[in-house]
Peer 1: 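One structure is given below, represented as structure tokens, and several questions about it will come after.
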Number of protein chains: 2
Amino acid sequence: MHKMNNKNKTFIDKLRSSGLRPTNQRVEISKFLFNRKKTFHFTVEELKNSMNLKRSKKISTATFYNTVHALKSAGHLKEFSLENNTSYYDTNITSHHHFFDNGKVIDIKSDKITFQKLPEAPKGKKIKNVEVVIRLENNN
Amino acid sequence: MHKMNNKNKTFIDKLRSSGLRPTNQRVEISKFLFNRKKTFHFTVEELKNSMNLKRSKKISTATFYNTVHALKSAGHLKEFSLENNTSYYDTNITSHHHFFDNGKVIDIKSDKITFQKLPEAPKGKKIKNVEVVIRLENNN
DNA sequence: ACATACTTTAGAATAATTATAAAGTAGTTA
DNA sequence: TAACTACTTTATAATTATTCTAAAGTATGT
Ligand SMILES: [Mn+2]
Ligand SMILES: [Mn+2]
Ligand SMILES: [Zn+2]
Ligand SMILES: [Zn+2]
């Protein structure tokens, strides 16, 4: 019944390792998120709208939120925040940096930024990660 | 009628330069925000609750939001975001860095972090600012 | 096929924020 | 000071993003 080709393997495994059975809805969401070359930065609303636009039978809001949350909890998505009280998610789960350009988000690979000087963590604490945001504006 | 001592001057000026008449409510908010030694990081709800706790006549939610927004638009407050879809504000409006420690935010002066390597801005763009977040966790 | 557990969904509930509009206050003028 | 006007405050409604609930649907094991 379940024809699972190699192309599907990766994103179905992400569902499985998030404790989610690979239902049709979840497989389509996971495929949409992970079956692409470049990092994807998105809000749940954006994800829902772009996926549901092309479907006759819509996937419900709750399923989008539930699936994204489970993938995030399992470490397959990273959450971040711009300055508009909406959660964004990032398919690039490694520690990395970003350009923020008027709501557009672009990845900067970790090795593109190195530090000359960094403060120490306060006593009792240690550094979990260091992430940089470079805000852009138009020339002139 | 209006006894304006020197201590009040600064935060009343911030109101004036935000296009706000220094009414009683606004003066108290501005004083609460700016009449302190250390940087203050807050949400509007936190501000409202801590100020209204000690008052018999409460200041309304709308006045808190309106005043904070006007101060922010005039550049007297900076907005930022943690990962919980709530706006935070920062009385330190200079470009600077932060430790994030379990919802607690601590300023890092700009000169405490220097870069060895930084990427160039994409064509047509230039860098507005570079801000670093150092996420902390407990030692072992 | 049946039982059970998991899933999807519509719609209600919540939290943060913004909008609305009526009542209050202040600055200016007569 | 009275009146006029513009600005302000406030309670309340509306909106947006998100989470919760509970009923109906689907899959899995026997
Ligand atoms: Mn907002
Ligand atoms: Mn929210
Ligand atoms: Zn990214
Ligand atoms: Zn700060």
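From a predicted model like this one, the values you see are computed outputs, not experimental measurements.
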Peer 1: Out of B:Phe34, B:Tyr89, B:Phe11, which one pairs with B:Leu71 under the side-chain contact (heavy atoms from CB on, under 4.5 Å) rule?
Peer 2: B:Phe34

Peer 1: Can you tell me if B:Thr63 touches the phosphate of D:dT10, counting only side-chain N or O atoms and a distance under 4.0 Å to OP1 or OP2?
Peer 2: yes

Peer 1: Counting the atoms with a prime plus P, OP1 and OP2 as sugar-phosphate, which does A:Ser87 contact under 4.0 Å by heavy atoms, base, sugar-phosphate, or nothing?
Peer 2: sugar-phosphate

Peer 1: Quick one: do A:Tyr88 and A:Leu77 end up in the same hydrophobic cluster if we chain Ile, Leu, Val, Met, Phe, Trp and Tyr together by side-chain heavy atoms under 4.5 Å apart?
Peer 2: no

Peer 1: Measure from the side-chain N and O atoms of B:Arg16 to the backbone N and O of B:Ile12, and report whether any donor-acceptor pair falls under 3.5 Å.
Peer 2: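 Flag not set: sc B:Arg16 to bb B:Ile12 has no pair under 3.5 Å.
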
Peer 1: B:Phe64 and side-chain contact (heavy atoms from CB on, under 4.5 Å): which single residue from B:Gln25, B:Glu45, B:Met51 fits?
Peer 2: B:Met51

Peer 1: Classify every nucleotide of nucleotides 20-27 of chain D by which part a protein heavy atom approaches to under 4.0 Å, writing B for the base, S for the sugar-phosphate alone and - for neither, in 5'-to-3' order.
Peer 2: B-------

Peer 1: Please list, by residue number, the residues of residues 44-58 of chain A whose heavy atoms come closer than 4.0 Å to an atom of DNA chain D; answer none if no residue qualifies.
Peer 2: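 By residue number: none to list.
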
Peer 1: Looking only at atom types and distance, does a side-chain atom of B:Ser50 sit under 3.5 Å from a main-chain N or O of B:Glu46, one as donor and one as acceptor?
Peer 2: yes

Peer 1: Could you state the CD1-P distance from A:Ile59 to C:dT8, rounded to the nearest angstrom?
Peer 2: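 Rounding to the nearest Å, CD1 of A:Ile59 and P of C:dT8 are 9 Å apart.
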
Peer 1: Check for a donor-acceptor pair, side chain of A:Lys128 on one end and backbone N or O of B:Glu137 on the other, with a separation under 3.5 Å.
Peer 2: no

Peer 1: Taking side-chain hydrogen bond (donor to acceptor under 3.5 Å, both in side chains) as the definition, give me every residue that meets it alongside B:Arg55, ordered by chain and number, with sequence neighbours left out.
Peer 2: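 Here the qualifying residues are B:Glu28.
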
Peer 1: In whole angstroms, how far is the P atom of D:dT19 from the CG atom of A:Asn85?
Peer 2: 13 Å

Peer 1: Counting only side-chain N and O atoms of A:Gln25, is one of them less than 4.0 Å from OP1 or OP2 of C:dT9?
Peer 2: yes

Peer 1: Over 60° means perpendicular and under 30° means parallel, so classify the ring planes of B:His96 and B:His98, tilted if in between.
Peer 2: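 Perpendicular.
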
Peer 1: I need the residues from residues 65-77 of chain A with at least one non-hydrogen atom less than 4.0 Å from DNA chain D; give them sorted by number, or say none.
Peer 2: A:Tyr65, A:His69

Peer 1: Scan side-chain atoms only and decide if B:Lys125 and A:Asn139 contain a donor-acceptor pair under the 3.5 Å cut-off.
Peer 2: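 Distance-only check fails for B:Lys125 and A:Asn139.
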
Peer 1: Please tell me which of the listed nucleotides, C:dT7, D:dT18, D:dT9, lies nearest to the side chain of A:Thr86?
Peer 2: D:dT18

Peer 1: Members other than A:Ile93 in its cluster, when Ile, Leu, Val, Met, Phe, Trp, Tyr link by side-chain heavy atoms under 4.5 Å?
Peer 2: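 A:Ile93 clusters with nothing; isolated.
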
Peer 1: Which ILVMFWY residues can you reach from A:Ile113 by hopping between side chains whose heavy atoms are under 4.5 Å apart?
Peer 2: A:Phe99, A:Ile106, A:Ile108, A:Phe115, A:Leu118, A:Ile127, A:Val130, A:Val132, A:Ile134, A:Leu136, B:Phe99, B:Ile106, B:Ile108, B:Ile113, B:Phe115, B:Leu118, B:Ile127, B:Val130, B:Val132, B:Ile134, B:Leu136

